[in-house]
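Below: one structure, written as structure tokens.
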Amino acid sequence: MSRSVPDSSSRAEYFEALEDTSVNPSDAPTLGDLIHARLSRRGLLKGALGLTAVGALAASPFPLPAAEGAEATADAPSTGDAGGDRFGFDEIAHGVDETHHVAPGYSADVLIRWGDRVLADAPEFSPTAQSADAQVKQFGYNNDFIGYVPLPPGSDNAEHGLLCINHEYTNEAVMFPGLGDYAEDFSNARAELAEIEMACTGGSIIEVRKKGGKWTVVPDSRYARRITALDTPMQLSGPAAGHERLKTSADPTGTRVVGTVNNCAGGITPWGTYLMAEENFHYYFIGDVEGHPEQANYTRYGIPGNRFPWGRFDRRFDINAEPNEANRFGWIVEVDPLDPASTPIKRTALGRFKHEGAESVVNKDGRLVLYSGDDQRFEFLYRFVTSGKVDPDNREANKDLLDDGTLSVARFAEDGTLTWLPLVHGQGPLTAEHGFISQADVLIEARRAATLLGATPMDRPEDVEPSPVSGKVYVMLTNNSKRGIEDQPGTDAANPRAENLWGHVLEITAADGDHAAETARWEIMVRAGNPGDDAVAARWNPATSENGWFACPDNCAVDPAGRLWVSTDQGNNWKAASGTADGVWALETEGARRGTGKMFFRVPVGAEMCGPRFTPDGRTLFVTVQHPATDGTIDYPGFARASTFEDPATRWPDFQPEMPPRPSVVVITKDDGGAIGG
Ligand code: FEO
Ligand code: CA
Ligand code: CA
């Protein structure tokens, strides 16, 4: 991919486009999908979308195929039964400003920030004297996934536990003094900055405790750990481990990797391990893919992404110096948070793609079923079913459960049926004739295998979370501005809007509660975006207020009562998508109010909302505020420019003149000590 970066004002949009550029060969990639173009196009589409909306509204309220039935439910006239509201809080208003907001009667306190001490011997954070040596001991950048593991292990203690937190990536312009954005040719890149970025990327494990109603980080914890892209040794396991395509000059065994990158969402397994999803791993690679031995494979994944200059200083990230290194990223990494000396393991059986997350459920037959979205336009939704059963009484017995099982990809049919298509070497088209010599090839090129099987290209699958209460699976589809335009794939029942800037929430119901079954049922619960704008063709329960709707669902959490909470990531497009900053919304999933949203928390300008995670008692909600002051600050009234270290749109959370904005974990509790959401 050429790296033609526009002027600095539209640079942020360029990188957003880069992240989401479709490389699925069924749709030719086009850059330059700037907001203005999308909006002018929206006007043209208004008529067609309006017709679709009318058609759906006129649909019979009587039983319909599931895919339509869900929308009829969401569109059904309100019963006016306010008593059906399962969320007992007063919602906050849409808006954008320099700080965060939470519903009245709740407290939202900063727990830990980028640069804060994680390891006991970490130095004090100094934004003007950063170093990789310091950063590998400090809290990393862009906190995303949060997992909570109660202490003692195996308990459901809601006041003492470990937080497992991903650090997805870095934003150089607001991190480093005097730098700004990286130049197109990386001429302003420096080795020491690249090392700091590698040290900022990965994960943190911290011990936390609630005392007197307030949470604090336990200092000098024996569990405290930093995991980085710079220096954390990892192991590759499963069917692709040791394969020729995973060998490098530093690792002729093909089983040992240094580090992990772009750790977005993840999961906590029933046996208390921490799964880190490697998402946009293409960002970190540079070089020339033309004539490369992995050209077709790398092109499908957008490699080299040329977003970070690391490959100029570290041969691992130069695809010409190390032709196979990029095959060693894009996996799910399993970490034992109880043993800080343990080696994280990349589980290749789960496939290589841009994993958003890795949430799981113990199936009724005892096997683990793990769901994972591949977050890119027109990519797919996957499921992994272990061969073995989870042993709830013997943690050690589950140690390598994720090495053996069946990876499948979803095909959504118009009649509301979902079929899981297994990615098994030798079955169907997954043979040597198509370049798959073994299961390792199928896993390394999971996207190509899934395409050959006929999987349904989706509108950017983000979090996929099974509810332990209802057994339903909630799928966040964040947006897809390319759907149905030019030569891109058109709409289908599961992705019903052309040029979908707002995303939708889809619900999967396992057949007879069997998550391992070959088929399931699916419905769309809401089409996100402004219900007051006909051109958007949003679908919400009419009980949703003017603040209750959202755009671009990304992460989600199910609380102990089985209620769904959704966090958003509108990126640079926040103003056009909704006009409000990102946040957390409660979303009713059952009864007459199904499809009703309600706004609970809002992030500061330029930030993204990540990681919602409840404690087992539902009385604490941890959230992560990612990259404050960065996204779309050009549209922030009164600021209207890109942020830099010296001149950020906000200095949240410290608001000190010498302190840049800092991604932070926020802990939300109810002032009367009760459950979040009543
Ligand atoms: Fe890292 Fe798809 O969000
Ligand atoms: Ca995400
Ligand atoms: Ca995101």
Side-chain angles (χ1 to χ4, degrees), residues 144-149 163-166 168 203 263-279 331-335 337 347 349-351 353-364 367-375 380-386 390 398 401-402 405 407-410 418 420 458 460-478 505-510 513 515-516 520 522 525 553-560 562-567 569 584 587 589 609-616 621-624:
D144 196 305
F145 173 79
I146 306 180
Y148 178 83
V149 178
L163 290 186
C164 304
I165 300 155
N166 282 354
E168 188 178 18
N263 307 93
C264 190
I268 299 292
T269 63
W271 53 95
T273 57
Y274 160 33
L275 302 179
M276 309 170 75
E278 295 187 323
E279 193 193 20
W331 305 102
I332 294 291
V333 187
E334 185 173 16
V335 181
R347 301 289 185 185
L350 279 61
F353 49 90
K354 295 179 187 173
H355 288 275
E356 171 74 18
E359 297 285 2
S360 60
V361 61
V362 179
N363 200 35
K364 61 183 187 180
R367 291 181 292 172
L368 191 79
V369 179
L370 185 148
Y371 293 93
S372 192
D374 184 351
D375 180 11
F380 310 126
L381 177 65
Y382 295 82
R383 175 190 81 177
F384 180 76
V385 182
T386 59
V390 177
N398 304 312
L401 210 51
L402 298 181
L407 180 69
S408 301
V409 67
L418 184 164
W420 291 106
M458 306 297 288
R460 295 186 55 198
E462 301 253 19
D463 254 5
V464 184
E465 184 133 348
S467 164
V469 177
S470 67
K472 306 270 188 185
V473 182
Y474 303 112
V475 182
M476 305 298 118
L477 296 153
T478 200
V505 176
L506 191 145
E507 181 187 73
I508 296 171
T509 305
H515 289 269
W522 66 271
M525 186 154 40
D554 185 339
N555 299 121
C556 64
V558 177
D559 70 20
R563 300 173 303 181
L564 181 63
W565 302 72
V566 176
S567 68
D569 172 18
V584 175
L587 183 60
T589 57
M609 184 86 274
C610 298
R613 177 67 60 170
F614 289 91
T615 48
L621 174 60
F622 297 103
V623 293
T624 37

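Remember, predicted model here, so these are calculated numbers, not experimental data.
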[X] versus [Y], closest heavy-atom pair with distance:
X    : Y    : answer
E279 : C264 : OE1-SG, 3.2 Å
S372 : F353 : OG-CE1, 3.8 Å
A358 : I332 : CB-CD1, 3.7 Å
V149 : P337 : CG2-CG, 4.2 Å
L350 : H355 : O-CE1, 3.5 Å

All salt bridge (Lys or Arg N to Asp or Glu O under 4.0 Å) counterparts of E359, not counting sequence neighbours
R613

Tell me every residue that passes salt bridge (Lys or Arg N to Asp or Glu O under 4.0 Å) with D554, counting only those two or more places apart in sequence or in another chain.
none

Side-chain contact, heavy-atom cut-off 4.5 Å: [X] with [Y]?
X    : Y    : answer
M476 : V505 : yes
P270 : S360 : yes
L368 : N398 : no

Using the side chain to side chain contact (heavy atoms under 4.5 Å, CB included) criterion, which residues pair with [X]? Sequence neighbours excluded.
X    : answer
V361 : V369, Y371, P466, H515
A410 : L381, F412, L418, W420
T589 : Y474, M525, L564
P616 : Y148, P150, D156, A158

Determine, stepwise, if the pair D463 / F145 fulfils side-chain contact (heavy atoms from CB on, under 4.5 Å).
CA-CA 10 Å; D463 254 5; F145 173 79; over 6 Å; no

Hits for ring-ring contact (aromatic ring centres under 6.0 Å, His included) against F622, two or more places apart or cross-chain, chain-then-number order -> W215

May I ask you to decide if [Y]'s main-chain N or O and [X]'s side chain share a donor-acceptor pair within less than 3.5 Å?
X    : Y    : answer
E278 : W331 : yes
N263 : M276 : no
S567 : M609 : yes
T386 : R367 : no

For [X], what residues pass the side chain to side chain donor-acceptor pair (under 3.5 Å) criterion, not counting sequence neighbours?
X    : value
Y382 : none
T273 : T269, W271, E334
D374 : R447
N363 : D365, D514

I would like to know whether V469 and R563 meet side-chain contact (heavy atoms from CB on, under 4.5 Å); could you show each step before the answer?
CA-CA 9 Å; V469 177; R563 300 173 303 181; over 6 Å; no

